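None of these values were measured; they are calculated from a predicted model.
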Amino acid sequence: MGKGKFSWPSGATYEGEFKSGYMDGKGTYTGNNGDTYRGQWVMNLRHGRGIKSYVNGDLYDGEWRRGLQEGHGKYQWKNGNQYIGEWKNGVICGKGTMIWTSGNRYDGYWEDGLPKGNGTFRWADGSFYMGNWSKDPDEQNGTYYPSGVSPEATLEWDPQQVFNVDLSDCKICPGEKVSIMPSQKKLAVWRSSKAVDSSVRPRRMSVDGRVSPGAMNMWDDGDCSFDSTDGDSIMGNFDESLLDAGQQNRPPRIVKRQGETISKGHKNYELMLNLQLGIRHSVGRPAPVASLDLKASAFDPKEKVWTRFPPEGSKYTPPHQSSEFKWKDYCPLVFRTLRKLFKVDPADYMISICGNDALRELSSPGKSGSFFYLTNDDRYMIKTMKKSEVKVLLRMLSAYYNHVRAFENTLVTKFYGLHCVKLTGPTQKKVRFIIMGNLFCSEYTIHRRFDLKGSSLGRTTDKAEAEIDETTILKDLDLNFIFRLQKSWFQEFRRQIDRDCEFLEQERIMDYSLLVGLHFLEKSMAGDLIPSGARTPIGDSEPEGAPQLSRVDMDQLLVDPSWWASVKLGQNMPARVEKTVRRNDWEFQQTGEPTGEFFGVVMFFGVIDILQDYDISKKLEHAYKSIQYDPTSISAVDPKQYSKRFRDFIFKIFAEDP
């Protein structure tokens, strides 16, 4: 903790700031191969601004995320060539400029380290080639513009020369693996140890039943020596009563699942079959490889496909046991491309929704009257929609597509498909529905759920304290925590909330919420939550002041780099929450006062309900309620006012973890 220097026998060194046993803060790491990194660290990973000097003479100066170059950065090769622009997952990706020592340069878009999309290649003499770039010659097209000085010299030039010649020497040096810290080695050994008698002492349990490594006692009897592959030998003490925890760290969870399984006899059983048949038809239908650059016609609300599903089957549809129905796909190319953009595998998507497992219907419809269905694997949520909501989505679909494409970390709901089932018979009933990502699809149990708008009127649950459980949606006035994020994540969170709110404001959307889910890392055997840093009695007395590694520091997942790499803004985020209390003399106090009591959590959050525009019904609601209540306390307000109030509230309840 604090400033220090750590040296490995392999020759690697780190000098800088530590936090809870991790390289965390500003520091300099020199690998055993001679590469040197100076900059920001988070939990042993390069994260933030940093400069890396490679032993071969190359240099990178820019942004890092989760151990890899990501964001804006400059890479300079030993020979003088340089790239300035955007990076993603350690490779050149996005908009950027490559400048060669010869004076030639390329300005444009990149993908996987190569020019891809619109770009311009300029020669030192002023001539240039502008067009669409691709490694595939069939996709490459553009126009050559001579300089007027010596155009004949390059008229026969082949754009593929950029890939085959100009970029042949511009290889990015691979990053070396940072040497593992001793505390992580102990954990690795602890995780792989065979079970021994664990009846000596009780252990702390995670809320969902996992054994907590936080109870590891580093000062008990029983010396252990561990040898690692890089020659490091770590001497330490180990609490043998916990050696079996690695065998049990992830037992099968027994979790109360939300909703009622739609089986034969259920009133919506036939509708579910229709939906599954339609999805299988839509996703499985052959289609050309979708480019991310869509034409304006793809977003036309009239761009829809009707398909008839007779029970006996047809040339395009299989026979089925349901009644005849018609199936409509809205803007199919757009949603197919959105699924590609969100990295949804078509086969997995079909299996989740159309596999042998039935959907689950949530017990009661939402306030809007919509019904919600969950896939059996919890990945996707299906919501029935009003015609007005469909119109809003189709109206804003082009702007939505551009927004989620531009901002990978956007917190707005991910939409995967918009469909309609038209039932045959005298009623000719139409059921429209949207398929969305389930924000709380996780191996973690979600212990607390909050729907937060920033308004106060009616913003409390109508359940008694004894009736509140893990599936209860709590609201603004029920909130009793401040959410504290690590510095770089908090900064990214603020930026993304601003971007998302500006997008929704431009589209005249209001009444949206931030949905937050919390998984608490620890509780006592009696069921009480254990604040982070709290000591749990485990039988024998321990030396006063004995160091205790916190749950967050020792948890298997948080020290596993592969898990850390899966953390995204709003998903699987390790954080802390600080408990708050409201003053009794102010009934509608929006945020309580901090108590200084912290809890380790894994957080999930996202912006939901983004299809309500400020239409005439909402304007009337605002006018009517403004007569009876404080206009600033009601949900139905102008989108600009709503956006400001929402952001002001969110930035009060989210804070940087000091």
Side-chain angles (χ1 to χ4, degrees), residues 11-14 26-41 45-137 140 142 153-154 157-179:
T13 62
Y14 171 82
K26 290 184 179 179
T28 300
Y29 178 89
T30 302
N32 55 16
N33 65 350
D35 291 353
T36 300
Y37 170 84
R38 297 178 180 85
Q40 293 286 338
W41 295 79
L45 293 174
R46 303 176 188 90
H47 193 88
R49 185 81 184 180
I51 300 173
K52 184 165 183 181
S53 303
Y54 297 89
V55 70
N56 70 347
D58 292 359
L59 182 138
Y60 172 82
D61 181 356
E63 295 174 335
W64 298 75
R65 186 172 292 270
R66 299 187 293 273
L68 298 170
Q69 297 100 323
E70 183 153 332
H72 190 272
K74 174 182 176 181
Y75 192 101
Q76 184 159 330
W77 283 267
K78 181 182 179 180
N79 60 12
N81 296 341
Q82 58 179 306
Y83 168 82
I84 305 169
E86 296 175 349
W87 296 71
K88 185 175 178 182
N89 292 330
V91 296
I92 295 172
C93 189
K95 194 173 184 179
T97 299
M98 176 74 79
I99 303 172
W100 285 268
T101 51
S102 63
N104 296 345
R105 62 184 287 159
Y106 169 83
D107 299 274
Y109 288 89
W110 300 72
E111 187 175 294
D112 293 332
L114 297 172
K116 182 68 182 288
N118 292 328
T120 302
F121 188 91
R122 301 175 188 273
W123 285 268
D125 65 3
S127 58
F128 62 94
Y129 175 93
M130 180 185 294
N132 184 68
W133 291 76
S134 175
K135 178 72 172 170
D136 184 351
Q140 174 86 35
T154 51
W157 176 78
D158 181 0
Q160 291 298 305
Q161 184 177 330
V162 172
F163 299 96
N164 302 328
V165 180
D166 295 87
L167 291 172
S168 61
D169 295 331
C170 298
K171 304 297 182 186
I172 306 299
C173 286
E176 89 288 3
K177 191 172 182 181
V178 175
S179 298

Query raised in the report: Arg46 versus Lys52: any side-chain heavy-atom pair under 4.5 Å?
Result: yes
Requested in this report: With the side chain counted from C-beta on, respond yes when Asp35 and Thr30 share a heavy-atom pair under 4.5 Å apart, and no when they do not.
Outcome: no
**Report entry** Any Tyr109 side-chain heavy atom under 4.5 Å of Pro115 side chain
**Finding:** no
Query raised in the report: Do the ring centers of Tyr14 and Trp41 come within less than 6.0 Å of each other?
Result: yes
Query raised in the report: With a 3.5 Å cut-off and no angle check, do the side chains of Asp136 and Ser134 form a donor-acceptor pair?
Result: no
Requested in this report: Can you sort out the partners of Asn132 under side chain to side chain contact (heavy atoms under 4.5 Å, CB included), two or more places apart, ordered by chain and number?
Outcome: Asn118, Asn141
Report task. Please round to the nearest 0.5 Å and tell me the distance separating atom CH2 of Trp133 and atom OH of Tyr106. Result -> 6.5 Å
Report summary line: dist Leu45:CG -> Leu68:CG (nearest 0.5 Å) comes out at 8.5 Å
Query raised in the report: Can you name the salt bridge (Lys or Arg N to Asp or Glu O under 4.0 Å) partners of Asp112, sequence neighbours left out?
Result: none
Report task. Would you please name every residue forming a side chain to side chain contact (heavy atoms under 4.5 Å, CB included) with Lys88, sequence neighbours left out? Result -> Glu70, Cys93, Lys343, Glu408
Report task. Dump the intermediate steps for side chain to side chain contact (heavy atoms under 4.5 Å, CB included) on Leu59 and Tyr54, then the final yes or no. Result -> CA-CA 6 Å; Leu59 182 138; Tyr54 297 89; 5.7 Å; no
Report task. Could you pull out all residues at least two apart from Lys26 that satisfy side chain to side chain contact (heavy atoms under 4.5 Å, CB included)? Result -> Glu17, Gln40
Query - Among Tyr83, Trp87, Tyr75, the one residue meeting ring-ring contact (aromatic ring centres under 6.0 Å, His included) with Trp110 - result: Tyr83
**Report entry** His47 versus Arg66, closest heavy-atom pair with distance
**Finding:** ND1-N, 2.9 Å
Query raised in the report: Which pair of non-hydrogen atoms, one from Tyr29 and one from Ala12, has the smallest distance, and what is that distance?
Result: OH-CB, 3.5 Å
Report summary line: With sequence neighbours left out, the residues meeting side chain to side chain contact (heavy atoms under 4.5 Å, CB included) with Asp107 are Thr97, Arg105, Arg122
Requested in this report: To the nearest 0.5 Å, tell me how far Met98 CE sits from Ile92 CD1.
Outcome: 4.5 Å
Requested in this report: Kindly give the heavy-atom pair with the smallest separation between Ser102 and Ala124, and that separation in Å.
Outcome: O-CB, 3.8 Å
Query raised in the report: What do the steps show when you test Gln69 against Trp64 for side chain to side chain contact (heavy atoms under 4.5 Å, CB included), and what is the final call?
Result: CA-CA 4 Å; Gln69 297 100 323; Trp64 298 75; 3.9 Å; yes
Query raised in the report: How many angstroms lie between CH2 in Trp77 and OG1 in Thr101, if you round to the nearest 0.5 Å?
Result: 11.5 Å
Report task. With sequence neighbours excluded, tell me which residues meet salt bridge (Lys or Arg N to Asp or Glu O under 4.0 Å) with Arg49. Result -> Asp61
Query raised in the report: Between Lys78 and Asp58, which heavy-atom pair has the shortest distance, and what is it?
Result: N-OD1, 2.9 Å
Query - Heavy-atom closest pair, residues Gly94 and Glu86 - result: CA-OE1, 3.3 Å
Query raised in the report: What is the distance from atom CH2 of Trp123 to atom OH of Tyr129, rounded to the nearest 0.5 Å?
Result: 9.0 Å
**Report entry** Note, Asn81 side chain near Ile99 side chain (heavy atom, < 4.5 Å)
**Finding:** no
